[in-house]
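The next block holds one structure in the form of C-alpha cells; read it before the comments.
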Amino acid sequence: MNDFSLVDKLKILMNMIATSPLFLFCFLIGILLLVLLILYIKKGTKVNKWILISILIIICIMLIFNYNSILFHLFDDLINSIFMALYFPNFTIYLLILIVSNFFFIYSIFNKKVKNSYKIANTSCSLILDIFLIFIIDIVKKTGISTYDTLDLYTNSNLLVLLQLSSAVFVSWILLNLLLTAYHKLQRYDKIEQPKMPEIIFDA
C-alpha cells in the first residue's frame, strides 16, 4: 500500500475532481450545500431550508437511480459486517463499546436535565460492561492470550462469551434508549395543551 503525504492526497483528489464530470458535479453541489447551510444557520429562513432539503433529495434520487445495485450491495455488506462484528466481536469493538457506554453514563450522571429513566439505563449498561471488563482482564492475565489475535480470542470460549454478551448488552441498551425516547416524545405530545374554546353562555 502506498503511503501518500497530505499534499499528495490533495493533489490526487483535485485531479479526480478535474478529470471526472461526476466528481466535479459533486464538488460543486457540496460547495452549494455548504453555502446554503451557512445562510440557513445565519438567517434561518424557510426558503433556504427547503432548497437545502430539495437538493439533498435530488442527490439521493440520482444516486439510487444510477448506482442502485452498488448501493444495495454496499448496504447488504454493511448489515452483514455489523452482525458479524456483534456475533464475533474483536477487542477493538469492545473497547469502543466500553468508551461509548461510560461516556453516556458520566454524561447522564452529571447532567441534571437527563431523565431518571435514561440514567438508570445508562448506569446499568455501563456497570455490566465494566464488570465484564474485570472478568476479561482476569482471563487475559491467567491465560496470557493476545486480545488482538482473532484466533486466540475465539479459541477461548469464556472470553468469546463475554465479548458476545457485551455486544448484546450494548445493542439492548441502544434499543432501550430508542424506546425511552419514543415514549417520552409521545408523553410530551399528550401533555400539549389543546387551545381552549371560548365558552358560550345562553341566557334562558
Legend entry - Shared hydrophobic cluster, Leu133 / Ile97 (ILVMFWY, side-chain heavy atoms < 4.5 Å): yes

Inset, instruction - Mind checking the CG-CG spacing from Leu127 to Asn102? Nearest 0.5 Å is all I need. - result: 10.0 Å

Inset, instruction - Could you check Tyr183 against Ser117 for side-chain hydrogen bond (donor to acceptor under 3.5 Å, both in side chains), going step by step and ending with a plain yes or no? - result: CA-CA 11 Å; Tyr183 170 75; Ser117 55; over 6 Å; no

Inset, instruction - Provide the closest heavy-atom pair for Ala121 versus Trp173 in the form atom of the first, atom of the second, distance. - result: O-CD1, 3.6 Å

Legend entry - Side-chain hydrophobic cluster, 4.5 Å single linkage: members besides Ile120: none

Legend entry - Evaluation steps, side chain to side chain contact (heavy atoms under 4.5 Å, CB included), between Asn15 and Lys11: CA-CA 6 Å; Asn15 184 56; Lys11 286 181 179 178; over 6 Å; no

Legend entry - Connected via hydrophobic side-chain network under 4.5 Å: Leu176 and Val169: no

Inset, instruction - For Phe132, check ring-ring contact (aromatic ring centres under 6.0 Å, His included) against everything at least two apart and list the hits. - result: none

Legend entry - Heavy-atom side-chain contact between Ile128 and Leu165 under 4.5 Å: no

Inset, instruction - Starting at OG1 of Thr143, measure out to CG of Asn158 and round the result to the nearest 0.5 Å. - result: 9.5 Å

Inset, instruction - Please check if Leu162 and Ile137 belong to a single hydrophobic cluster, counting links between Ile, Leu, Val, Met, Phe, Trp and Tyr side chain heavy atoms closer than 4.5 Å. - result: yes

Inset, instruction - Taking all non-hydrogen atoms of both residues into account, name the closest pair between Leu159 and Ile139 and its distance. - result: N-CD1, 4.2 Å

Inset, instruction - Could you tell me the separation between the CD atom of Gln164 and the OG atom of Ser157, rounded to the nearest 0.5 Å? - result: 10.5 Å

Inset, instruction - Mind checking ring-ring contact (aromatic ring centres under 6.0 Å, His included) for Phe105 and listing every partner two or more places apart, or none if nothing turns up? - result: none

Inset, instruction - Could you state whether Ile109 and Phe103 fall into the same hydrophobic cluster, counting links through intermediate Ile, Leu, Val, Met, Phe, Trp or Tyr residues with side-chain heavy atoms under 4.5 angstrom apart? - result: no

Legend entry - Donor-acceptor under 3.5 Å (Asn111 side chain, Tyr107 main chain): no

Legend entry - Nearest heavy atoms of Tyr118 and Asn177, plus distance in Å: CD2-OD1, 3.2 Å

Legend entry - Distance, nearest 0.5 Å, that separates CG of Leu163 from CZ of Phe135: 13.5 Å

Inset, instruction - Consider only side-chain heavy atoms of I, L, V, M, F, W and Y, link residues closer than 4.5 Å, and tell whether Phe104 and Leu178 are in one cluster. - result: yes

Inset, instruction - Drop me the distance from Leu129's CG to Ile99's CD1, to the nearest 0.5 angstrom. - result: 12.0 Å

Inset, instruction - Hey, could you give me the OG1/CG distance between Thr181 and Leu186, rounded to the nearest 0.5 Å? - result: 11.0 Å

Legend entry - Closest heavy-atom pair and its distance - Lys112, Lys119: CA-NZ, 4.5 Å

Legend entry - Minimum heavy-atom distance Ser101-Ser126, with the two atoms named: O-CB, 4.0 Å

Inset, instruction - Indicate yes or no: at least one non-hydrogen side-chain atom of Ile134 is less than 4.5 angstrom from one of Asp138. - result: no

